[in-house]
Amino acid sequence: MTARARITGIGRYLPPKVVTNDDLAARIDTSDEWITQRTGIKERRWVEHPTTTSDLALEASTEALESAGVGPGDLDMVVLATLSPDHEFPGTACFLQAKLDVPAGVPAMDVRQQCTGFVYASSVADQFLRTGFARRILVVGAEVHSKGLDVSDEGRDVSVLFGDGAGAVVMEATEVADPSADPHLLSTHLHADGRGAEDLWLPAPGMAYDRFMSHDQVSAGDVYPKMNGRSVYVNAVKRMSEAVVETLEANAAPIEAVDLFVFHQANLRINEAVSERLGIPPEKVFNTIDRFANTTAATIPIGLYEAVQQGALQPGMLVAVAAFGSGFTWGSMLLRW
Ligand code: COA
């Protein structure tokens, strides 16, 4: 029997500071009504300095390890997805490794796939577990957006959308005797199309320029994320719908067989459009965007965690996950929980 991946522990961490739409409206030209109608977001969590991405990852990872009943010394690998690293290099997985006290020598890698980061990271872990390279992997999605947003009238189209947070799972190799009952990751599906790269990106700093970072870039606001909202919206609905269909077809599972859909949380309207397109009843779609906004690589593990806490996700259920984000990147996976 070939080894498969199974989630044995899950954790999440949201920083305590709540930022409501009204809080933002007091600072910039926006309103609770506009944000709620267009996105479904009511509030988000933002860190306070000196909290970093690896700090959020540490909290979520500690809880995930506890819930799996293992310690940092039991890990064979750390895979961390983020678009908001502590530093340009080395990767945030290395900072997490040191803070979590994962033994020296254990490999730690970053995945830079933005809102699809956790699906990519899970797929990476799945491959290593299937081949026997590793037996137990910590997979993390963590983001600190708030320190890098343009919280001014000019940046309002982007800054209202994002929150800070982290989620983590422990994935272990497992033998699956009965695929319809034994918990495991059935399949993962990954895609990208770099033609959309500049529709959602952070132009600077970067080695594409004469100098990595210049005062002119700071003055011009190139150090803030830029987005073509319409293009992101249209592509997200199309690609996430395709990705859901792909994972169902790969496993010969009818859409009715799925008990819960945990989608990336970019915009409630995107998830409603995907559900409508595929004929998914709204009660099967688990959303957290109203409370936590878009936490990029962290939305999926936070969603799974919250679904478990609220009793919406129970052992034995079939869960479909899909995400879309900057790159463009998109992907899906199907899990027997
Ligand atoms: N508050 C108030 N008004 C705002 C605003 C804000 N925070 N942000 C933008 N606006 C204004 C714009 O200035 C524009 O005004 P104008 O018509 O006078 O020029 C108007 O709202 C934009 O309206 P519209 O283009 O109709 O908005 P929309 O329905 O396309 O919604 C988004 C905008 C950003 C919510 C939507 O495009 C979206 O969700 N896109 C995907 C974004 C996303 O998910 N990103 C992350 C992907 S992982």
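Start at 1 and go down the list; that is how both ligands and their atoms are numbered. Values reported hereafter were calculated over all heavy atoms of this structure, with side chains retained and with hydrogens, waters and symmetry mates removed.
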Region of [X] engaging ligand 1 - heavy atom pairs below 4.0 Å:
| X | value |
| --- | --- |
| L200 | side chain |
| I270 | side chain |
| N294 | side chain |

*Is S123 reaching over with its side chain to a backbone N or O of V119, donor-acceptor style, under 3.5 angstrom?*
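No.
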*Any donor-acceptor pair under 3.5 Å linking the side chain of N21 with the backbone of I41?*
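Answer holds: yes.
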*Can you tell if the side chain of L304 reaches within under 4.5 Å of the side chain of W337, non-hydrogen atoms only?*
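Heavy-atom side-chain distance check passes, below 4.5 Å.
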*Does the protein place any heavy atom closer than 4.0 Å to atom 6 (C) of ligand 1?*
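For atom 6 (C) of ligand 1 the answer is yes, since some protein heavy atom falls inside 4.0 Å.
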*Identify the protein heavy atom lying closest to atom 15 (O) of ligand 1, giving its residue, its atom name and the separation to 0.1 Å.*
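Here the nearest protein heavy atom works out to R156 NH2, 4.3 Å.
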*Looking only at protein heavy atoms, which one is nearest to atom 1 (N) of ligand 1, and how far off is it?*
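Protein heavy atom with the smallest distance to atom 1 (N) of ligand 1: T30 OG1, 2.6 Å.
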*Between K42 and D32, is there a side-chain N and carboxylate O pair less than 4.0 Å apart?*
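Judged by the 4.0 Å cut-off on N to carboxylate O distance, K42 and D32 do form a salt bridge.
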*Decide, yes or no, whether a salt bridge links R135 with D74 under the criterion of side-chain N to carboxylate O below 4.0 Å.*
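D74 and R135: not salt-bridged.
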_I'd like to check whether N267 has a polar contact with ligand 1, where a contact means an N/O of the residue lying under 3.5 Å from an N/O of the ligand._
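In this structure, N267 places an N or O atom under 3.5 Å from an N or O of ligand 1.
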